[in-house]
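What follows is a single structure, written as structure tokens, with notes after it.
Side chains included, hydrogens not; waters and symmetry mates left out as well; all remaining heavy atoms used.
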Amino acid sequence: MPSGVAIDLRMVGPTPHGIARYGRAIWDGLPEDPRIRYVGLVAEASPLTPQRSGDRLVRCRAPFLSPLEQVEVPLILRREGVELLHATSFAVPAAWRGPLVLSLHDVNHLALPGWSGPGRTPYYHRVVAPAAARAARVLTGSAFSAREIERWLGLPATKVRVTPYAVDGSFAPSPVKELERIRARWRLPARFALYLGSDRPHKNAALAFELARRLAPRLPVVVAGGGLESHPSSPTQLLGKVDDADLPPLYSAASLFLFPSVYEGFGLPPLEAAACGTPVLVARGSSLDEIWQGVSPPLPPDQPGRWVATIEELLAAPERLQE
């Protein structure tokens, strides 16, 4: 009988974020192998479908990162005869003692404890750290993140493997009709800088709002992402959450993409924007130095004046912006 390999895909929903994109890409890309039967652990509203003969999707009732998952997930794994679990995020069933591969995209809950949600830092210490210690391999997207994982979780370098991320093929310069559609939908200006992120402190959305104030009206700043709709008034356009289908044309329509995050294990959005042909400015530090070395001039995440000066220089020299 083929070996059962489970992939935790419970974070993949109708509007996936970075970790969800990672999980979905793994599920879609796993090879057909007669020796393996893949078991996808999915949420009730999951959009995923079987991709190979023998695939099985098992719907989990326990919400992602809820205490109930610590009971339900191990029961499902035993019932399905799973022999190996790939936990594609830091949601790990503590009671699972079988072979484990763990993907940790960053350790910001340990490195930035005051910026995490309540309970996240203790959860890392009590659940994630022991799981990482017993895992056969820990995967992450950058050398920076690997060093952080080794440092904060006390793991040997031989256990952590860097597996750099990539963007889906749908991220490419959009055709004119798609650009016209997206501009009409949100009444976008002819030229604008785009920020896409969340309200989590390390994403540094405050800098995007400050840039909107300083750059207006020369270059409007459009802000997209969950949790930012209630931000104090600023001369910017707020889009809220953006559906996956609208991301490529939104990136393509922007004159510049801003990514001022102060801590990233990898950072998919600027790579998605670049794949759509949009120039990118990133903050200095964390994995962004490594990934964008020689491509985008790194800027201090706490100095909006430097961002404004760089943006104005680029706007005055279109050939540099194109480069």
Side-chain angles (χ1 to χ4, degrees), residues 10-24 43 63-66 88-91 103-121 123-124 141-142 145 148 165 167-168 171 186 192-212 221-234 236-248 250-251 254 256-274 276 278 280-283 285-288 291 299 301-302 304 307:
R10 292 173 299 131
M11 76 297 294
V12 181
T15 307
H17 45 76
I19 295 177
R21 293 183 192 285
Y22 173 85
R24 179 162 197 162
F64 182 65
L65 280 181
S66 74
T88 53
S89 75
F90 57 90
S103 288
L104 286 181
H105 309 284
D106 56 50
V107 286
N108 67 72
H109 299 300
L110 296 177
L112 308 171
W115 294 4
S116 301
R120 290 293 172 86
T121 300
Y123 174 84
Y124 253 80
S142 66
S145 189
E148 288 285 275
Y165 307 152
V167 296
D168 184 86
F171 291 97
W186 282 308
F192 65 93
L194 174 66
Y195 169 85
L196 175 70
S198 71
D199 61 345
R200 299 181 66 188
H202 70 277
K203 295 296 184 181
N204 201 19
L207 186 134
F209 285 101
E210 177 63 16
L211 293 182
V221 175
V222 173
V223 172
L228 297 167
E229 299 87 344
S230 60
H231 195 278
S233 60
S234 172
T236 188
Q237 186 173 352
L238 301 174
L239 304 186
K241 290 185 177 180
V242 178
D243 292 337
D244 261 20
D246 289 335
L247 278 176
L250 180 60
Y251 283 134
L256 190 63
F257 183 75
L258 310 174
F259 200 67
S261 181
V262 300
Y263 189 94
E264 287 291 331
F266 185 86
L268 274 176
L271 202 63
E272 293 170 348
C276 293
T278 301
V280 169
L281 288 179
V282 301
S286 68
S287 66
L288 300 176
I291 295 164
L299 296 168
D302 58 348
W307 287 72

Heavy-atom distance under 4.5 Å between the side chains of [X] and [Y], does that happen here?
X: Leu247; Y: Leu196; value: yes
X: Leu104; Y: Tyr124; value: yes
X: Leu239; Y: Val223; value: no
X: Leu271; Y: Tyr165; value: no
X: Phe209; Y: Leu238; value: yes
X: Trp186; Y: Val222; value: no

[X]: what forms a side-chain hydrogen bond (donor to acceptor under 3.5 Å, both in side chains) with it, not counting sequence neighbours?
X: Tyr263; result: Glu148
X: Ser145; result: Thr140
X: Ser142; result: none

In Å and rounded to the nearest 0.5 Å, what is the [atom1] to [atom2] distance from [X] to [Y]?
X: Leu258; Y: Leu211; atom1: CG; atom2: CG; result: 6.0 Å
X: Thr121; Y: Leu110; atom1: OG1; atom2: CG; result: 6.0 Å
X: Trp307; Y: Asp302; atom1: CH2; atom2: CG; result: 11.0 Å
X: Thr88; Y: Arg10; atom1: OG1; atom2: CZ; result: 8.5 Å
X: Asn108; Y: Arg120; atom1: CG; atom2: CZ; result: 9.0 Å
X: Phe64; Y: Met11; atom1: CZ; atom2: CE; result: 4.5 Å

Provide the closest heavy-atom pair for [X] versus [Y] in the form atom of the first, atom of the second, distance.
X: Ala245; Y: Pro248; answer: O-CD, 3.9 Å
X: Val280; Y: Pro270; answer: CG2-O, 3.5 Å
X: Pro301; Y: Pro260; answer: CB-O, 3.7 Å
X: Ser89; Y: Ile19; answer: CB-CG2, 3.6 Å
X: Leu65; Y: Ala91; answer: CD2-CB, 3.8 Å
X: Val12; Y: Ala20; answer: CG2-O, 3.5 Å

Please enumerate all residues that pass side-chain contact (heavy atoms from CB on, under 4.5 Å) together with [X], with sequence neighbours excluded.
X: Asp168; result: Ser170, Phe171
X: Ser198; result: Arg200, Lys203
X: Ser286; result: Phe144, Glu264, Leu288

Test ring pair (Phe, Tyr, Trp, His ring centres under 6.0 Å), reference His105, set Tyr22, Phe266, Phe90, output is Tyr22

